[in-house]
Asks: 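I'd like to ask some things about the structure below.
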Amino acid sequence: MSYPVETVRHSLAHVMAAAVKKLYPDVKFAGGPAIENGFYYDFDTEHRFSEDDFAQIEKEMKALIKSDGRFEKRIVSLDEAKQIFANQPYKMEWLNEYDANGQELSIYSFRDFVDLCRGPHVASSKDLPKDAFKIRSVAGAYWKGDSKNKMLQRIYVDAFLSADELNDYLKMMEEAANRDNRKLGRDMDLFHFEPDYAPGAVFWHDKGYKIYRKLIDYVRMRQEHAGYLEISTPSVMDRSLWERSGHWAKYGEHNYSGKTQDGKTFCVKPMSCPGGMLVFGQGIKSYKDLPLYLAEFGKVNRYEAAGGLSGLMRVREFTQDDAHIFCTEEQLETEVVKVLRFIKDIYSKFGFDKISMKLATRKNSEFRIGSDEIWDKAEGALRHALEANGIEFEIAEGDAAFYGPKIDNYLKDSIGRIWQCGTIQLDMNLPERFDLSYIGEDGEKHRPIMLHRAMLGSIERFMGVLLESTAGVLPLWLSPEPVVVVPVSEKYREYALRVVDELRNVGVYARADLRDEKVNYKVRELSLSKTPIIAVVGEKEMNDLSVTLRYFGNEKQDVLKLSEFVKQMADNIKMPK
RNA sequence: GCCAGUUUAGCUCAGCUGGUAGAGCAUCUGAUUUGUAAUCAGAGGGUCGUUGGUUCAAGUCCGACAACUGGCACCA
């Protein structure tokens, strides 16, 4: 019979555990779930796993699969389970915390490996495909996901129902490497990093910076239409500001700060919010001013843990398309919905039609501020805004910020990792700390509700995701160099320059490739660097004032009158409304 | 920060069990004046991540540190 892929994956996890037990008898087992594209299992053993072990483990697994071992389920009592797993400290820890709650406790045995497990499993190992899995990697992982606990060794395995599916997947992953933002950054001459001088900080080259600016320009244009006011606040401010905001206590060690000659401590801003609060605090605000939208493209610096840095996706210096929305309690839900729709619309312009939303709810932490009652209300408001508008979302329990719940949206990179981009956060902390108020209809002072929001999130990360999703082939309006003009020989240089000039006159950034090389060579090179349009000009084009066009990814050639082409391009590079 | 791996020319990589470095592409120079994915020839270019150590001798062996890659933790 055939089983669902999750069942196969999870059964294979048991097979791997059995194989590892055979090879390293001292091993202690933690757990091994099925995941997207495969499964993993966490082990604790003196032996340090490395790639060199993979072949042997795989071989052992295949032998076990062939052996027709049965997966046998048994319902046991808690006491019985504790006897069985007496030598397995991780299973024991789990059992000691186990609250039966009316549920049955089941164990599965496969050969001499017994695991606490709800199942389900295949009946016999011969139901498992023996050539549709491959060990991917070994990595550290904390027991129970807590860095205070011991680090275990996690072996990741890619697993599918058939060898073809596995091979397709491996091939896809291999191709994904070509879309890696770091590789595209180099190949397309967009940016680079200087690990010796500024790990995790981007050096934008001309072309990369053009894209970066266009992203900002686009968001700026859109939010100005929507009534946002753009401000700019200082990059370096006294430490006392972040003490006041509460961020110093929680994130102090992740800040860049330093002492001045007169003994003061200044801090490079890790976030723009406190600055925004100070701007709101200027003058007296009326209820008629609300909702008030203060936006800032704020460059922020955070000393992120070295192990967390990753290309454009996770950097230490980045720009947020930040905004703070001040409103009344009654306006809150409407404002949340507006932002949700805004984000959805903006994302669609970049081709992201499916975005995953998560409602991040409170976690118990010493830093959390606000009573349960306030949290109930805040979480309820966000949830209602999502539900009432039919927006699909997941709950991310415990993912809230210390000052309030949030709705985050996530985009995937080329190998399927998800990254938080846009966010809407309800802040129950800052208005209080900065004693913000507005005068209500009743003539009394009231505390405004404050929402943080970022749409792209970080320009850096968003560009990383965008590059990977498009493989570097950006829509014309975002392309840093939409047209390169290639003269067939020296004789047509002047005409090539004229074409460039006419394009630039209408705001199309074009350049001529005047190098002493063959057309073949230039077409190859420009194609490799993902130039969207190559315009070749020679005798024919010069005589009838035309261009021969080659579009990226298409070998077909188009001939257009120069005037027509210029007009078309001027249209094509316009930002979407 | 933690676990594993990696670090050799601008890029991609080779250098076996130690005997002071190679290739292709790129770059530069010359020739060529080119019609849609690499024109030919020549030349230059590396204190082998940094730093200690072992050794007569270290790219190669050992240690520390840093960075990078994949995970974990973190992510205001």
Side-chain angles (χ1 to χ4, degrees), chain A residues 40 42 48-53 136-156 177 180 182-183 186-187 192-200 242 245-255 269-274 300 302-311 313-316 318 320 322 367 399-404 406 408 415 417 419-420 423 425 427 429-430 452 454 457-458 461 486-493 515-528 534-541 548-550 554-557:
Chain A
Y40 66 76
D42 286 347
R48 300 276 104 188
F49 290 113
S50 77
E51 273 186 42
D52 302 337
D53 301 321
R136 182 200 311 161
S137 62
V138 57
Y142 297 105
W143 166 237
K144 287 183 170 172
D146 187 335
S147 60
K148 289 196 278 292
N149 291 337
K150 183 168 185 185
M151 180 161 267
L152 309 172
Q153 297 185 75
R154 174 173 296 178
I155 298 182
Y156 282 97
D180 185 287
R182 292 161 289 210
K183 180 167 162 48
R186 211 175 27 242
D187 293 352
H192 83 280
F193 290 94
E194 291 282 347
D196 288 342
Y197 302 115
W242 283 278
S245 72
H247 291 102
W248 190 272
K250 184 157 173 24
Y251 300 108
E253 72 272 28
H254 292 295
N255 287 341
K269 78 173 172 188
M271 49 164 11
S272 302
C273 318
V300 298
R302 299 174 181 177
Y303 196 66
E304 303 285 11
L309 302 177
S310 180
M313 303 302 191
R314 189 83 184 271
V315 288
R316 286 182 173 153
F318 56 101
Q320 292 178 304
D322 215 351
F367 295 106
D399 270 1
F402 74 95
Y403 48 73
K406 52 182 184 156
D408 292 326
I415 60 172
R417 292 178 293 203
W419 297 93
Q420 191 215 107
T423 183
Q425 311 182 356
D427 192 319
N429 179 43
L430 291 181
H452 301 261
S458 124
R461 176 177 292 178
V486 173
V488 167
S489 82
E490 239 169 24
K491 283 178 282 183
Y492 316 108
R493 280 185 178 191
R515 291 175 304 169
D516 174 19
E517 297 289 351
K518 289 188 160 180
V519 173
N520 266 333
Y521 180 88
K522 293 183 188 177
V523 166
R524 175 182 156 78
E525 211 179 54
L526 293 169
S527 298
L528 287 174
I534 302 171
V536 177
V537 295
E539 186 72 36
K540 192 161 57 79
E541 290 80 2
T548 299
L549 306 169
R550 180 188 172 119
N554 192 343
E555 284 174 39
K556 209 180 106 228
Q557 296 171 31

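Labels below follow one simple rule: chain letters A, B, ... track the order of the sequence lines, proteins then strands, and each chain is numbered from 1.
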Asks: To the nearest Å, give me how far apart CD (Gln320(A)) and P (A76(B)) are.
Replies: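 Distance check: Gln320(A) CD to A76(B) P gives 10 Å.
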Asks: Is Lys518(A) near enough to A37(B) that one of its side-chain N or O atoms lies under 4.0 angstrom from OP1 or OP2?
Replies: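 So the side chain of Lys518(A) is outside the cut-off, no N or O lying under 4.0 Å from OP1 or OP2 of A37(B).
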Asks: What is the distance, to the nearest angstrom, from the CZ atom on Phe49(A) to the P atom on A4(B)?
Replies: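 Computing the Phe49(A):CZ to A4(B):P distance gives 12 Å.
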Asks: Which heavy atom of Arg302(A) sits nearest a heavy atom of Pro270(A), and at what distance?
Replies: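 Between these two residues, the closest heavy atoms are NE-O, 2.7 Å.
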Asks: Without decimals, in angstroms, what is the distance between Arg493(A) CZ and U33(B) P?
Replies: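 Computing the Arg493(A):CZ to U33(B):P distance gives 14 Å.
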Asks: Distance check needed: C75(B) P versus Asp399(A) CG, whole Å only.
Replies: 9 Å
Asks: Does a nitrogen or oxygen in the side chain of Asn520(A) sit under 4.0 Å from OP1 or OP2 of A37(B)?
Replies: yes
Asks: Give every pair of a protein N or O atom and an N or O atom of nucleotides 23-30 of chain B that lie under 3.5 Å apart, one pair per line with the distance.
Replies:
{"residue": "A26(B)", "atom": "OP1", "partner": "Tyr521(A)", "partner atom": "OH", "Å": "3.3"}

Asks: In whole Å, measure the gap between the C1' atoms of A26(B) and A9(B) for me.
Replies: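 Result for the C1' pair: 11 Å, nearest Å.
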Asks: Base, sugar-phosphate or nothing for Glu253(A)? Non-hydrogen atoms, less than 4.0 Å.
Replies: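 Nothing: the residue Glu253(A), judged by heavy atoms under 4.0 Å, touches no strand.
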Asks: In whole angstrom, give the distance that lies between atom CD of Gln425(A) and atom C1' of A76(B).
Replies: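 So the CD-C1' distance, Gln425(A) to A76(B), works out to 7 Å.
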Asks: For Tyr40(A) and A4(B), what is the distance between atoms OH and P respectively, to the nearest whole Å?
Replies: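 Value for this atom pair: 19 Å.
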Asks: What integer number of Å spans the P atoms of U54(B) and G46(B)?
Replies: 30 Å
Asks: U8(B) and A4(B): how far apart are their C1' atoms, nearest whole angstrom?
Replies: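 Those two atoms are separated by 22 Å.
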Asks: Round to the nearest Å and state the distance from His247(A) atom NE2 to C75(B) atom P.
Replies: 12 Å
Asks: If we take the P atom in both A64(B) and G5(B), what is their distance in whole Å?
Replies: 13 Å
Asks: Provide, to the nearest angstrom, the distance between the CD atom belonging to Glu194(A) and the P atom belonging to G49(B).
Replies: 17 Å
Asks: Do Thr548(A) and Lys540(A) touch side chain to side chain, with heavy atoms closer than 4.5 Å?
Replies: yes
Asks: Could you write out RNA chain B as a dot-bracket string, with dots for unpaired bases, | for bases paired across to another strand, and Watson-Crick or G-U pairs counted at under 3.5 Å?
Replies: (((((((..((((.....[..)))).(((((.......))))).....(((((..]....))))))))))))....
Asks: Taking atom C1' in both U69(B) and A76(B), what distance in whole Å separates the two?
Replies: 27 Å
Asks: Using atom P in both nucleotides, what's the gap between G45(B) and A23(B) to the nearest angstrom?
Replies: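 Pairwise P distance, G45(B) against A23(B), rounds to 13 Å.
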Asks: Identify, with sequence neighbours excluded, every residue that meets ring pair (Phe, Tyr, Trp, His ring centres under 6.0 Å) alongside Trp143(A).
Replies: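 Partners of Trp143(A) under the ring pair (Phe, Tyr, Trp, His ring centres under 6.0 Å) test: Tyr90(A).
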Asks: Please evaluate residues Asp408(A) and Lys406(A) with respect to the criterion salt bridge (charged side-chain N to carboxylate O under 4.0 Å, His left out), reporting the C-alpha separation (whole Å), side-chain torsions for both, the decisive distance (0.1 Å), and the verdict.
Replies: CA-CA 6 Å; Asp408(A) 292 326; Lys406(A) 52 182 184 156; 3.2 Å; yes
Asks: With heavy-atom distances below 4.5 Å as the criterion, would you say the side chains of Gln320(A) and His452(A) are in contact?
Replies: no
Asks: Please report the distance separating the C1' of G22(B) from the corresponding atom of G59(B), rounded so that it comes out in whole Å.
Replies: 12 Å
Asks: Is Arg182(A) paired with Asp180(A) through a side-chain N to carboxylate O contact shorter than 4.0 Å?
Replies: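 Answer for the salt bridge query: yes.
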Asks: Just wondering, more than 12 heavy atoms not from Glu555(A) lying within 6.0 Å of its CD?
Replies: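 For Glu555(A), atom CD is not crowded (no more than 12 foreign heavy atoms under 6.0 Å).
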Asks: Have a look at Lys144(A) and say if it touches a base, only the backbone sugar-phosphate, or nothing, with a 4.0 Å heavy-atom cut-off.
Replies: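 It contacts nothing in the nucleic acid.
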Asks: Please report the distance separating the C1' of G15(B) from the corresponding atom of A21(B), rounded so that it comes out in whole Å.
Replies: 8 Å
Asks: Provide a list of protein-nucleic acid N or O atom pairs under 3.5 angstrom, restricted to nucleotides 7-13 of chain B.
Replies:
{"residue": "U12(B)", "atom": "OP1", "partner": "Arg186(A)", "partner atom": "NH2", "Å": "3.2"}

Asks: Which nucleotides of nucleotides 40-46 of chain B have their base under 4.0 Å from a protein heavy atom (B), which only their sugar-phosphate (S), and which neither (-), written as one string 5' to 3'?
Replies: -------
Asks: Once each nucleotide of nucleotides 68-74 of chain B is scored for protein heavy atoms under 4.0 Å, what B/S/- sequence comes out, 5' to 3'?
Replies: SSBBBBB
